[in-house]
Amino acid sequence: MNRKKNQFYESIFDIVRLIPHGRVTTYGAIAAYLGTKSGSRLVGWAMNVSHHEEPKVPAHRVVNRNGLLTGKAHFKDENEMQKLLEAEGIVVINNQIQNFNDVFWDPASLDPASWDRVS
DNA sequence: TATTTGACGCCGC
DNA sequence: GGCGGCGCCAAAT
(Lines give C-alpha, C1' and ligand atoms only; values in the text may rest on other atoms or scores of the structure.)
Protein backbone atom coordinates (compact mmCIF):
# COMPACT_ATOMS: atom_id res chain seq x y z
CA MET A 1 0.00 0.00 0.00
CA ASN A 2 1.22 3.45 -0.82
CA ARG A 3 0.47 4.71 2.64
CA LYS A 4 4.06 5.57 3.37
CA LYS A 5 3.62 9.12 2.16
CA ASN A 6 0.13 9.25 3.57
CA GLN A 7 1.53 8.54 6.97
CA PHE A 8 3.36 11.83 6.83
CA TYR A 9 0.11 13.75 6.47
CA GLU A 10 -1.64 11.33 8.77
CA SER A 11 0.68 12.26 11.59
CA ILE A 12 0.09 15.94 11.01
CA PHE A 13 -3.66 15.56 10.75
CA ASP A 14 -3.67 13.53 13.90
CA ILE A 15 -1.74 16.14 15.84
CA VAL A 16 -3.79 19.06 14.59
CA ARG A 17 -6.99 17.24 15.39
CA LEU A 18 -5.68 16.56 18.87
CA ILE A 19 -5.29 20.24 19.56
CA PRO A 20 -7.50 21.00 22.57
CA HIS A 21 -10.35 23.41 22.19
CA GLY A 22 -9.19 26.95 22.79
CA ARG A 23 -5.57 26.11 22.11
CA VAL A 24 -3.27 26.64 19.15
CA THR A 25 0.01 25.26 17.94
CA THR A 26 2.72 26.19 15.48
CA TYR A 27 4.04 24.65 12.31
CA GLY A 28 7.48 24.36 13.84
CA ALA A 29 6.12 22.48 16.84
CA ILE A 30 4.42 19.93 14.64
CA ALA A 31 7.39 19.70 12.34
CA ALA A 32 9.72 19.19 15.26
CA TYR A 33 7.44 16.52 16.67
CA LEU A 34 7.52 14.65 13.37
CA GLY A 35 11.27 15.06 13.21
CA THR A 36 11.17 17.41 10.28
CA LYS A 37 12.08 20.33 12.50
CA SER A 38 13.77 21.95 9.56
CA GLY A 39 10.87 21.19 7.29
CA SER A 40 8.33 23.41 8.93
CA ARG A 41 7.17 24.25 5.43
CA LEU A 42 6.08 20.68 4.90
CA VAL A 43 3.49 21.14 7.61
CA GLY A 44 2.01 24.00 5.66
CA TRP A 45 1.82 21.81 2.58
CA ALA A 46 0.12 19.10 4.53
CA MET A 47 -2.41 21.62 5.74
CA ASN A 48 -3.20 22.48 2.16
CA VAL A 49 -3.90 18.83 1.42
CA SER A 50 -5.91 18.53 4.62
CA HIS A 51 -8.46 20.91 3.21
CA HIS A 52 -9.95 18.20 1.08
CA GLU A 53 -9.28 15.56 3.66
CA GLU A 54 -11.92 14.36 6.07
CA PRO A 55 -12.59 15.10 8.71
CA LYS A 56 -11.38 18.60 8.12
CA VAL A 57 -8.51 19.42 10.40
CA PRO A 58 -8.77 22.57 12.53
CA ALA A 59 -6.03 24.26 10.55
CA HIS A 60 -7.23 27.53 12.01
CA ARG A 61 -5.58 26.39 15.23
CA VAL A 62 -2.27 26.17 13.48
CA VAL A 63 -0.25 29.34 13.17
CA ASN A 64 3.34 30.23 12.59
CA ARG A 65 5.82 30.47 15.41
CA ASN A 66 5.10 34.20 15.69
CA GLY A 67 1.49 33.48 16.59
CA LEU A 68 0.47 35.20 13.40
CA LEU A 69 -2.40 33.87 11.31
CA THR A 70 -0.29 33.53 8.23
CA GLY A 71 -2.51 30.86 6.75
CA LYS A 72 -5.77 32.73 7.09
CA ALA A 73 -5.50 33.76 3.46
CA HIS A 74 -5.82 30.14 2.41
CA PHE A 75 -9.08 29.61 4.23
CA LYS A 76 -12.48 29.84 2.66
CA ASP A 77 -12.89 33.14 4.41
CA GLU A 78 -10.12 35.03 6.09
CA ASN A 79 -12.46 36.18 8.82
CA GLU A 80 -13.47 32.60 9.34
CA MET A 81 -10.12 31.65 10.82
CA GLN A 82 -9.97 34.55 13.23
CA LYS A 83 -13.61 34.11 14.02
CA LEU A 84 -13.11 30.46 14.91
CA LEU A 85 -10.17 31.31 17.14
CA GLU A 86 -12.08 34.02 18.96
CA ALA A 87 -15.02 31.66 19.29
CA GLU A 88 -12.72 29.33 21.20
CA GLY A 89 -11.65 32.05 23.59
CA ILE A 90 -8.51 32.99 21.73
CA VAL A 91 -7.94 36.70 21.34
CA VAL A 92 -6.76 37.66 17.90
CA ILE A 93 -5.87 41.22 17.07
CA ASN A 94 -4.58 42.31 13.71
CA ASN A 95 -4.15 38.66 12.73
CA GLN A 96 -1.94 38.32 15.77
CA ILE A 97 -2.80 35.93 18.59
CA GLN A 98 -2.72 37.63 21.97
CA ASN A 99 -1.47 35.71 24.99
CA PHE A 100 -0.04 33.35 22.46
CA ASN A 101 2.16 31.82 25.09
CA ASP A 102 -0.92 31.04 27.14
CA VAL A 103 -2.94 29.41 24.37
CA PHE A 104 0.05 27.77 22.79
CA TRP A 105 -0.25 23.99 22.76
CA ASP A 106 2.72 21.78 22.10
CA PRO A 107 2.39 18.28 20.57
CA ALA A 108 4.90 17.20 23.19
CA SER A 109 1.95 17.42 25.55
CA LEU A 110 0.88 14.14 24.03
CA ASP A 111 3.14 12.50 26.57
CA PRO A 112 1.22 9.96 28.66
CA ALA A 113 2.26 11.89 31.74
CA SER A 114 0.17 14.82 30.55
CA TRP A 115 -2.79 12.69 29.59
CA ASP A 116 -3.62 12.44 33.25
CA ARG A 117 -4.81 16.04 33.32
CA VAL A 118 -6.39 15.92 29.91
CA SER A 119 -10.12 16.35 30.23
C1' DT B 1 13.08 15.20 -15.77
C1' DA B 2 14.16 19.61 -13.88
C1' DT B 3 12.84 23.90 -11.80
C1' DT B 4 10.01 26.83 -8.70
C1' DT B 5 7.11 27.44 -5.29
C1' DG B 6 5.26 26.97 -0.50
C1' DA B 7 0.13 28.34 5.24
C1' DC B 8 8.12 28.44 8.09
C1' DG B 9 12.26 28.80 10.91
C1' DC B 10 16.59 30.25 12.11
C1' DC B 11 21.09 32.62 11.37
C1' DG B 12 23.38 36.60 9.77
C1' DC B 13 23.88 41.41 8.73
C1' DG C 1 16.05 46.07 16.75
C1' DG C 2 14.63 45.50 11.99
C1' DC C 3 15.36 43.32 7.45
C1' DG C 4 17.23 39.71 4.29
C1' DG C 5 18.82 35.49 2.85
C1' DC C 6 19.47 30.55 3.19
C1' DG C 7 17.92 25.89 4.36
C1' DC C 8 14.32 21.75 4.74
C1' DC C 9 11.25 18.25 2.28
C1' DA C 10 7.65 17.60 -0.75
C1' DA C 11 4.38 18.65 -4.36
C1' DA C 12 2.87 21.15 -8.51
C1' DT C 13 3.91 22.90 -13.07
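The sequence lines fix the lettering, A, B, ..., with proteins before strands; numbering per chain opens at 1.
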* Classify the ring geometry between A:Phe100 and A:Phe104 as parallel (under 30°), tilted (30 to 60°) or perpendicular (over 60°). => tilted

* Can A:Tyr33 be reached from A:Val57 by stepping across I, L, V, M, F, W or Y side chains whose heavy atoms are under 4.5 Å apart? -> yes

* When you check the phosphate oxygens OP1 and OP2 of C:dA10, does a side-chain N or O of A:Tyr9 lie under 4.0 Å from one of them? -> no

* Asked: Is A:Gln98 reaching over with its side chain to a backbone N or O of A:Gln96, donor-acceptor style, under 3.5 angstrom?
  -> yes

* Find the distance A:Asn64:CG to B:dA7:P and express it as a whole number of Å. => 12 Å

* Interatomic distance where CE belongs to A:Met47 and P belongs to B:dC8 [whole Å] -> 12 Å

* Value in whole Å for how far the C1' atom of C:dA12 lies from CG of A:Leu42 -> 14 Å

* Asked: What integer distance in Å separates A:Ile12:CD1 from C:dA11:C1'?
  -> 13 Å

* Backbone of A:Ala108 reached by a side-chain donor or acceptor of A:Asp106 within 3.5 Å -> yes

* Asked: Are A:Gln82 and A:Asn95 close enough, and set up right, to give a side chain to side chain contact (heavy atoms under 4.5 Å, CB included), and what steps lead you there?
  -> CA-CA 7 Å; A:Gln82 182 173 331; A:Asn95 302 329; 3.6 Å; yes

* Could you tell me the separation between the CH2 atom of A:Trp45 and the P atom of B:dT4, rounded to a whole number of Å? => 16 Å

Could you run down the sub-3.5 Å N/O contacts of the protein with nucleotides 1-6 of chain C?
none

* Counting any heavy atom closer than 4.0 Å, what does A:His51 reach on the DNA or RNA strands: base, sugar-phosphate only, or nothing? -> base

* Taking a pair as Watson-Crick or G-U wobble with both distances under 3.5 Å, which nucleotide is matched to C:dG5? -> B:dC10

* To do: Measure from CZ on A:Arg41 to P on B:dT4 and round the result to the nearest Å.
  => 14 Å

* **Whole angstrom value for the distance that separates C1' of B:dC8 from CG of A:Leu34** => 14 Å

* Which residues within residues 67-87 of chain A lie with some heavy atom under 4.0 Å of an atom in DNA chain B? -> A:Thr70, A:Gly71, A:His74, A:Phe75

* Short question: side chain of A:Arg23, backbone of A:Ile19 - any donor-acceptor pair under 3.5 Å? -> no

Restricting both atoms to N or O, compile the protein contacts to nucleotides 10-13 of chain B shorter than 3.5 Å, with distance only.
from	atom 1	to	atom 2	distance (Å)
B:dC10	OP2	A:Arg65	NE	3.4

* Asked: Backbone N or O of A:Gly67 within a donor-acceptor pair of the A:Asn64 side chain at under 3.5 Å?
  -> yes

* **salt_bridge(A:Arg61, A:Glu88) N-O dist < 4.0 Å** => yes

